[in-house]
Amino acid sequence: MTKKKNNAISPTRTENYPEWYQQVVKSAELAETSAVRGCMVIKPWGYALWENIQKFLDSKLKETGHVNAYFPLFIPKSYLEKEAEHVDGFAKECAVVTHHRLEEDSKGGLIPAGELEEPLVVRPTSETIIGETYSKWVQSYRDLPILINQWANVVRWEMRTRLFLRTTEFLWQEGHTAHETQEEALDETHKIIRLYKNFLEEYMAIPIIIGEKTENERFPGAMKTLCIEAMMQDGKALQAGTSHFLGQNFSKASNIKFQNREGKNEFAWTTSWGVSTRLIGGLIMTHADDDGMIMPPKLSPNHVVIIPHFRDELYRDKINSYCNEIRMALSKESFGDRKISVLIDSRDINVGEKSWSWIKKGIPLRIEIGPKEIENQSLFVGIRDTMQKKSILKNDFINNISKILEDIQNRMFEKANNFQKLNTKDIKNINDFNNFFNEKNSNGFAWCHFCGDSQLEKKISDDMGVTIRLLPINSSISDNDKCIFTGKKSIGRVLFARSY
RNA sequence: CGGGGCGUAGCGCAGUCUGGUAGCGCGGUUGCUUUGGGAGCAAUAGGUCGGGGGUUCGAAUCCCUCCGCCCCGACCA
């Protein structure tokens with residue numbers, strides 16, 4: 001009857017990983033490129049996923065005492081100039097607004113007019129404008145801490161873009177906090193990176209390694225950058241989120257001063273931290289397979305889709321009411337913090353095509369309903385992550401829905417976790433290191449003792465395209481531990497990988 | 001910014017070398033038949049061939065010019 005392909009996505013992951021990724025984004029209807037170079041349209045299915053990420057992360061941030069606010073999209077150029085390292089880091093990728101009006105030219109086109117006295121930079125991040133604001137809000141130690149988050153868009157004029165992973169405009173949350181003491185700010189930096197790790201592992205089913213960035217990889221202007229790194233299915237690392245201890249660099253630049261408990265003026269200690277729509281790219285590259293997206297149940301826009309099979313017009317009404325009955329019953333059940341979300345797909349298209357469209361979108365469970373199911377009071381259930389299909393008694397399914405979804409969520413994490421473990425090696429000498437990263441398609445994570453020389457780090461990056469993703473936060477080292485490259489004393493076991 | 005390529009129907013492309021009046025596949029619409037893993041048949045709609053200028057009896061095709069996009073390199077969440 002129908003031609004049967006082995007899988008829905010072409011090419012497969014092994015055939016061409018980057019192209020496979022693009023095809024998944026497209027086939028799952030998560031996003032598409034737009035008329036504006038480097039900017040994407042996030043489609044409803046992708047945006048619903050982002051809304052769920054927002055919802056759960058936001059509530060975790062609120063639970064830890066943070067509140068939301070909103071700061072301007074535009075930043076006066078002079079603000080950005082105040083922190084020297086920060087300027088160096090972002091200047092090359094800033095979009096700049098220089099005019100505030102358009103006038104018609106003689107050919108019926110429009111030309112910019114009304115040049116601004118001071119150009120406005122479209123925020124690449126908001127440390128400077130938020131810092132300026134905080135300086136007005138803070139006078140006393142009693143005004144601290146300030147724990148504010150904002151959900152916003154930012155613009156970074158990147159040279160090469162990829163949907164979700166690196167786009168010119170992207171959505172994120174950025175937290176900006178100010179504290180009385182260094183210790184408190186450091187605590188905040190650590191608290192947030194752990195919160196991110198928990199969120200990614202618990203909700204996104206993405207196993208995470210936490211660590212600290214080397215100086216080369218640090219956020220411009222930060223004293224310390226903590227990060228969460230995840231392993232994609234091609235063995236490359238994805239930086240999925242960062243938390244920065246900014247010391248007093250930005251408070252000095254923005255003049256965030258307060259009178260301390262001894263009555264002396266002091267600069268506040270600040271932090272900033274964020275995760276972005278890049279998380280969706282990470283979710284795809286962690287879980288999706290050669291049939292498309294696989295949504296973790298906790299974040300999937302819907303948990304279940306019901307697909308009626310109208311074989312025979314005589315059954316149409318019966319099938320419809322059976323579908324509705326199932327939907328009503330399921331909607332009363334919960335999974336985690338959410339009610340079960342059920343769709344009935346009654347589009348007038350071929351059922352095979354309909355099924356495949358949901359497989360590609362990655363909905364956790366599909367239920368197909370025809371006369372047979374009514375007769376047996378059963379459901380024909382397709383489970384996305386295993387691609388298993390089986391008939392289940394209606395009541396068994398409804399009563400166990402939460403457990404079924406929980407199992408999917410856990411399986412997804414376990415699978416990704418095993419993959420990460422399998423592709424992570426302790427490497428003890430330079431030969432093994434070269435072999436590990438020289439073999440094509442044998443990417444992965446390598447833990448190695450390293451001396452901390454940033455010239456050497458740069459050379460390895462230039463020669464092999466392998467970077468230090470992180471230094472462990474609490475490493476215990478003995479005098480016997482030597483750098484595998486230089487034989488000098490080790491600063492700890494650091495994580496090497498190719499990265500996105 | 002360097003190096004390469006592309007612009008023809010909603011999408012993907014052929015036609016360009018060798019000028020002759022617009023084509024294929026998918027998709028859309030309508031009808032009928034189908035339907036338990038990506039449907040079939042038939043009919044039908046849809047294009048100032050990226051813009052401007054030139055050569056010519058005649059330009060998607062040749063020449064000039066402008067614009068836009070994609071890929072590869074130097075940056076990054």
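Basis for what follows: all heavy atoms, side chains included, without hydrogens, waters or symmetry-related copies. Below, chains carry the letters A, B, ... as their sequence lines are ordered, and counting in each starts from 1. This one's a predicted model, so the numbers in the text were calculated from it and none came from an experiment.
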Identify, between Glu93(A) and Lys372(A), the residue whose nearest nucleotide on RNA chain B lies closer to the 5' end.
Lys372(A)

Using a strict cut-off of less than 4.0 Å between a Lys/Arg side-chain nitrogen and an Asp/Glu carboxylate oxygen, indicate whether Glu373(A) and Lys394(A) qualify as a salt bridge.
no

Carboxylate-amine/guanidinium proximity below 4.0 Å for Glu229(A) and Lys213(A)
yes

Rounded P spacing from A22(B) to U34(B) in Å
41 Å

Provide the Watson-Crick or G-U wobble partner of U16(B), both distances under 3.5 Å; none if there is no partner.
none

Tyr322(A) OH to G36(B) P: how many Å, rounded?
20 Å

C1' spacing across the pair C17(B) / C62(B), given as an integer number of angstrom:
11 Å

Judged by each residue's nearest nucleotide on RNA chain B, which is more toward the 5′ side, Glu169(A) or Arg366(A)?
Arg366(A)

Lys/Arg-Asp/Glu bridge criterion (N-O < 4.0 Å) met for Lys459(A), Asp463(A)
yes

Within the structure, does a side-chain N or O atom of Arg160(A) lie under 4.0 Å from either OP1 or OP2 of G73(B)?
yes

How far, in whole Å, is G51(B) from C11(B) if one measures between their P atoms?
15 Å

Distance, P atom - from G7(B) to G50(B), rounded to whole angstrom:
8 Å

Less than 4.0 Å between a side-chain N and a carboxylate O, is that true for Arg411(A) and Asp407(A)?
no

Answer with yes or no whether Arg156(A) presents, from its side chain, a donor or acceptor under 3.5 Å of a partner atom in the base of C76(B).
no

Can you tell me the distance, in whole Å, between the CZ atom of Arg162(A) and the P atom of C71(B)?
10 Å

Using purine N1 to pyrimidine N3 plus N6-O4 or O6-N4 for Watson-Crick, or N1-O2 and O6-N3 for G-U wobble, both under 3.5 Å, which nucleotide pairs with A45(B)?
none

Glu19(A) CD - C71(B) P separation (whole Å)
10 Å

Rounded to the nearest Å, what distance is computed from the CG atom of residue Leu165(A) to the P atom of nucleotide A77(B)?
13 Å

Nearest whole angstrom, please: distance from the P of C69(B) to the CD of Glu32(A).
17 Å

Check the distance between A77(B)'s C1' and Glu127(A)'s CD and give it to me in whole angstrom.
12 Å

Which whole number of Å gives the distance between the P atom of G53(B) and that of G15(B)?
28 Å

In this structure, how many angstroms lie between the C1' atom of C76(B) and the NZ atom of Lys236(A), rounded?
14 Å

NZ/NE/NH1/NH2 to OD/OE distance under 4.0 Å, Lys60(A) and Glu202(A)
yes

Gap in Å between the two C1' atoms, one belonging to G58(B) and one to A42(B), rounded
38 Å

Do the side-chain N or O atoms of Arg37(A) get closer than 4.0 angstrom to the phosphate oxygens (OP1, OP2) of C70(B)?
yes

In whole angstroms, how far is the P atom of G40(B) from the CG atom of Asn350(A)?
9 Å

Cationic N near anionic O, under 4.0 Å, Asp290(A) to Arg13(A)
yes

Looking at A77(B) and Phe170(A): do their rings stack (centroid distance under 5.5 Å, interplanar angle under 30°)?
yes

With heavy atoms under 4.0 Å as the rule, sort Thr161(A) into base, sugar-phosphate or nothing.
nothing

